[in-house]
Amino acid sequence: MPCAPQLTHRPGLSSVLCHCNTSGPILRSAVFRARTASVTLPQQHLPWRHNYSSLAHLQKPTSAAAVDEVVTALEDVVDQLPSTSQLQRSATAVVDVVEEVVAPKHLAEKRLKRKQQKAREQTVYKVSAIAASAAVIALAVGAVHYRFMWHMKQGHEFPTAEALATFCLTIGGTVGMEMWARWAHKTLWHDFLPGWKLHKSHHEPRTGPFEDNDVFAIVNAAPAMGLCFYGLITPTMVGGLCFGAGLGITLFGISYMFVHDGLVHRRFPVGPIAEVPYLKRVALAHQLHHSEKFDGVPWGLFLGPQELEAVGGKEELDRLCEKQ
């Protein structure tokens, strides 16, 4: 079958179409050419490379099952790419071409069901994320109001000093959590075997709306709730400080969920957040963490670009950002 000329206007796909109709490993070629069509990144340092290496044995499909395996593998690769990346859009185009050129028609229904299942998983996680965030924010607002207004009801003046301390610790707790996440990510989640057993689910193709790694969100929520509760029932400066620290951890957790889970890993759509320039840079920095090009750096999220700069990765990050 000759290459399909009517489709070759799509960036970087003409050679993919030719390869689909000749012998050779279709998956490796399709994924590699999809990436290099938009991002000049050495193959050994590609993001989510573990997904590719385990699939490189796939050859040109000779049966319906083989075709379905190839398409499924390609879709899994696409799902792991950040939504901010031009690479993700090129890889999606390759999946469409592979289906169009080599996939038997009778597999269309199966592929449709698979896409619908992924859409349902996104919806489940999105609803869970929004519901949890709304509940936590409502509780936090109510707790802040109650924490400081009860002084007024008892005839005391508004505790300005405590309110200022709470505000400062809220900001400090948020920044402190970035430092904690940076340390814990490397030391407890990667280098510590029990932590890695849970965290490795985040470095593998996800099956279902949740992954074992999500348990760390619950672990971090426990001290936040404890600090907030203690601060709520303790009308002193120490109580105000603890209350602020708990609010800071909570604020970091909500922000992390929307940027890391939503923007970077596309577990649910995040709307205008995806257009914020600095957050795009954060997403690409985290992409380099998964590539392991700089030995896992950055380990943090929001200050990931600064981590990369400290290890000589600024030029690489700048180059990726220019490709967007």
Side-chain angles (χ1 to χ4, degrees), residues 83 117-153 159 162-163 165-181 184-185 189 198-199 201-202 206 208-235 238-276 279 282-283 286 300-302:
S83 58
Q117 175 63 26
K118 290 180 179 179
R120 285 194 294 269
E121 291 172 0
Q122 277 196 327
T123 300
V124 169
Y125 192 86
K126 179 181 179 180
V127 170
S128 301
I130 293 177
S133 298
V136 168
I137 290 173
L139 286 173
V141 171
V144 169
H145 180 269
Y146 182 77
R147 172 71 175 71
F148 294 107
M149 288 302 105
W150 71 353
H151 291 272
M152 308 295 290
K153 292 181 179 179
E162 285 184 35
T166 296
F167 175 78
C168 291
L169 259 292
T170 298
I171 303 301
T174 303
V175 176
M177 277 300 295
E178 172 71 11
M179 301 299 106
W180 159 256
H185 189 182
W189 304 351
L198 293 172
H199 184 62
S201 64
H202 180 58
R206 186 171 52 256
F210 303 103
E211 54 192 40
D212 293 344
N213 183 67
D214 293 335
V215 72
F216 290 119
I218 300 174
V219 171
N220 288 326
M225 291 187 292
L227 287 167
C228 284
F229 180 74
Y230 177 79
L232 181 65
I233 63 175
T234 308
V238 173
L241 292 172
C242 290
F243 191 65
L247 290 178
I249 297 174
T250 302
L251 178 60
F252 178 86
I254 294 174
S255 302
Y256 191 96
M257 178 177 61
F258 278 91
V259 174
H260 177 266
D261 293 357
L263 175 61
V264 180
H265 293 296
R266 303 173 62 231
R267 296 179 71 173
F268 59 92
V270 293
I273 292 178
E275 302 304 320
V276 178
L279 293 183
V282 166
H286 191 74
L301 181 67
F302 295 102

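Hydrogens, waters and symmetry mates are skipped; everything else that's a heavy atom, side chains included, is used. The structure displayed is predicted, hence computed values, not measured ones.
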Q: Please report the interatomic distance CZ(R267) to CD(E211), rounded to the nearest 0.5 Å.
A: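 Reported to 0.5 Å precision, the distance equals 4.0 Å.
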Q: Can you give me the closest heavy-atom contact between G240 and T166, atom names plus distance?
A: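 Closest approach of G240 to T166, heavy atoms only: O-OG1, 2.9 Å.
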Q: What's the separation between atom CG in L198 and atom CG in D212, rounded to the nearest 0.5 Å?
A: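 It comes to 6.0 Å.
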Q: Mind telling me whether F268 and F258 have parallel, tilted or perpendicular rings, with 30° and 60° as the class edges?
A: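 Rings of F258 and F268: perpendicular, as their planes differ by over 60°.
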Q: Return the CG to OG1 distance between L251 and T174, rounded to the nearest 0.5 Å.
A: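 Going from the CG atom of L251 to the OG1 atom of T174 covers 4.0 Å.
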Q: Give the minimum heavy-atom separation between G246 and T250, together with the two atoms involved.
A: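 Result for this residue pair: O-OG1, 2.9 Å.
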Q: Looking at every heavy atom in both C228 and F243, which two are closest together, and how far apart are they?
A: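 Taking every non-hydrogen atom into account, O-CD1, 3.4 Å.
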Q: Listing request: all salt bridge (charged side-chain N to carboxylate O under 4.0 Å, His left out) pairs with a residue in residues 169-180, at least two apart in sequence or in separate chains.
A: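 Output for this query is empty, none listed.
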Q: How long is the straight-line distance from CG of L232 back to CG of L227, given to the nearest 0.5 Å?
A: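 Rounded to the nearest 0.5 Å, the CG-CG separation comes out at 12.5 Å.
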Q: Report the C-alpha distance between R147 and L247 in whole Å, list the side-chain angles of each, state the deciding distance to 0.1 Å, and finish with yes or no for side chain to side chain contact (heavy atoms under 4.5 Å, CB included).
A: CA-CA 12 Å; R147 172 71 175 71; L247 290 178; over 6 Å; no
Q: I need the minimum non-hydrogen distance between V259 and L301, along with the two atoms involved.
A: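 Scanning both residues, the minimum pair turns out to be CG1-CD2, 4.2 Å.
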Q: Can you give me the closest heavy-atom contact between L169 and A245, atom names plus distance?
A: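 What the structure gives for the nearest pair is CB-N, 3.8 Å.
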Q: Atom CG in L279, atom NE2 in H286: separation rounded to 0.5 Å?
A: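 Atom-to-atom, L279:CG and H286:NE2 are 13.5 Å apart.
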Q: Taking only residues two or more places apart in sequence, or in another chain, which ones meet Y256 in a ring pair (Phe, Tyr, Trp, His ring centres under 6.0 Å)?
A: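 Checked Y256 against ring pair (Phe, Tyr, Trp, His ring centres under 6.0 Å); matches are F252, H260.
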Q: Check the pair M177 / N220 against side chain to side chain contact (heavy atoms under 4.5 Å, CB included), numbers first and verdict last.
A: CA-CA 9 Å; M177 277 300 295; N220 288 326; 4.3 Å; yes
Q: Considering non-hydrogen atoms only, spot the tightest contact between E162 and P235 and give its length.
A: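 Minimum heavy-atom separation between E162 and P235: OE2-O, 3.6 Å.
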Q: Mind checking the OG-CG spacing from S128 to D261? Nearest 0.5 Å is all I need.
A: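 Separation between the atoms: 11.5 Å.
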